[in-house]
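Order of the sequence lines fixes the chain letters, A, B, ..., with proteins taken first and strands second; residue numbering starts at 1 for each chain.
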Amino acid sequence: MQTVSLKLLTIIAEDELESRLVRDLKELGTRGYTVAKVRGEGAHGLRGSEWEGENVRIETLVDPTLAERIAEHIAARYFERFAVIVYLTPAEVLRGGKFGKGP
Amino acid sequence: MQTVSLKLLTIIAEDELESRLVRDLKELGTRGYTVAKVRGEGAHGLRGSEWEGENVRIETLVDPTLAERIAEHIAARYFERFAVIVYLTPAEVLRGGKFGKGP
Amino acid sequence: MQTVSLKLLTIIAEDELESRLVRDLKELGTRGYTVAKVRGEGAHGLRGSEWEGENVRIETLVDPTLAERIAEHIAARYFERFAVIVYLTPAEVLRGGKFGKGP
């Protein structure tokens, strides 16, 4: 089994931010993503306001450098005004030519 | 990129347990969660009975101590009678004031 | 808290592959799985063709040996012709008799 160590970057955000976040991900260089609707409830980071309702979970598999670039972009653009959560989990991705120079 | 190491605690359960589990999470001190519908099939832990159908996946980002407290609570209250799965994955959460003393 | 270290194996695939993939998982020995609909966009591995649309995310908790067996099976059977992504994340699963010899 040949795998490559990447990061699964997960974004939880209000669903109205989906198209902006997806556009950001593409511009920053991700090669794929998935989006799922979730319901949620939580406390909004910098302002402490509450949110509850429809959210999206956007996931993308990226190398650690790109993960950092995306995280910093989202923090700078969204954290002050929106309830956005970003986290990284380690992922061993099975190689098939998609995430590297070839299979 | 400033991150804090937390645990992503995931609960897979029959969907009728959702409101009870969410109430438990709040009482135990979580500050946010997401819920998504999933379909599933599996073997029920202690009794070995089968389940199949609509389930919920509840996710929450918590520190390791709270993760342990939630896990023990769920094991004690649900494992004997319900098909509930709980697992923890490591998560590096981007800081924005939500999971700590400030940004 | 008694846990066992397993792998969360995630498959992202075109939704028409769901029943085949689930059958494969069962034949290979998994004891449970969940399926969720996701939307997605990406580049197809070996052929480089693009995919976009409805996908499924199939998740199963398995020991590392079975994870490897599933991954190799999917790579051999699907990677050349379909847009399928497989990745593994570490998961500490709360014990309740389901993933081992007993609680």
Side-chain angles (χ1 to χ4, degrees), chain A residues 5-15 21 28 34-59 62-92, chain B residues 1-13 15-40 54-64 66-67 70 87-103:
Chain A
S5 293
L6 297 178
K7 297 290 184 187
L8 178 66
L9 184 143
T10 302
I11 305 166
I12 311 285
E14 303 159 46
D15 59 359
L21 287 164
L28 289 165
T34 62
V35 181
K37 297 278 185 201
V38 293
R39 282 168 292 130
E41 202 175 333
H44 183 162
L46 297 179
R47 291 192 177 171
S49 57
E50 294 294 318
W51 56 268
E52 178 175 358
E54 293 297 320
N55 293 277
V56 285
R57 177 199 292 118
I58 303 174
E59 294 179 329
V62 290
D63 66 58
T65 307
L66 182 50
E68 183 148 348
R69 195 139 43 100
I70 293 167
E72 282 174 355
H73 174 89
I74 291 173
R77 297 286 175 84
Y78 295 94
F79 270 23
E80 204 173 335
R81 292 193 295 141
F82 301 102
V84 175
I85 294 169
V86 178
Y87 60 91
L88 306 174
T89 45
E92 293 294 317
Chain B
M1 180 173 64
Q2 269 201 311
T3 61
V4 56
S5 293
L6 297 178
K7 298 290 182 185
L8 178 66
L9 185 144
T10 302
I11 305 167
I12 311 285
D15 58 1
E16 65 206 47
L17 291 178
E18 177 184 334
S19 58
R20 285 178 59 179
L21 287 164
V22 165
R23 193 185 54 212
D24 289 350
L25 289 180
K26 290 180 181 178
E27 286 177 3
L28 289 165
T30 63
R31 302 182 62 187
Y33 65 89
T34 62
V35 181
K37 297 278 185 199
V38 293
R39 283 169 291 131
E54 293 297 320
N55 292 278
V56 286
R57 179 199 291 117
I58 302 174
E59 293 180 330
T60 184
L61 288 163
V62 289
D63 67 57
L66 182 50
I70 293 167
Y87 59 91
L88 307 175
T89 45
E92 293 294 317
V93 182
L94 191 59
R95 291 192 71 146
K98 184 164 180 184
F99 301 100
K101 294 293 189 296

Side-chain heavy atoms of Thr34(B) within contact of Ile12(A), under 4.5 Å: yes
Minimum side-chain heavy-atom gap Met1(B)-Leu88(A) below 4.5 Å: yes
How many angstroms lie between atom [atom1] of [X] and atom [atom2] of [Y], to the nearest 0.5 angstrom?
X: Arg57(B); Y: Arg57(A); atom1: CZ; atom2: CZ; answer: 5.5 Å
X: Leu94(B); Y: Leu9(A); atom1: CG; atom2: CG; answer: 8.5 Å
X: Leu61(B); Y: Tyr87(A); atom1: CG; atom2: OH; answer: 5.5 Å
X: Glu59(B); Y: Ile85(A); atom1: CD; atom2: CD1; answer: 11.0 Å
X: Arg31(B); Y: Glu41(A); atom1: CZ; atom2: CD; answer: 13.0 Å

Scanning both residues in full, the closest heavy-atom pair of Pro90(A) with Pro90(B) reads CD-O, 3.9 Å
Minimum-distance pair of heavy atoms, taken over all atoms of Phe79(A) and Arg95(B): CE2-O, 3.5 Å
Under 4.5 Å heavy-atom distance to chain B, tell me which part of Ala36(A) shows up: side chain, backbone, both or neither. neither
Check this for me: does any side-chain nitrogen of one of Glu92(B) and Lys7(A) sit under 4.0 Å from a carboxylate oxygen of the other? no
Would you mind checking which part of Ile58(B) comes under 4.5 Å of any heavy atom in chain A, side chain (CB onward), backbone (N, CA, C, O), both or neither? neither
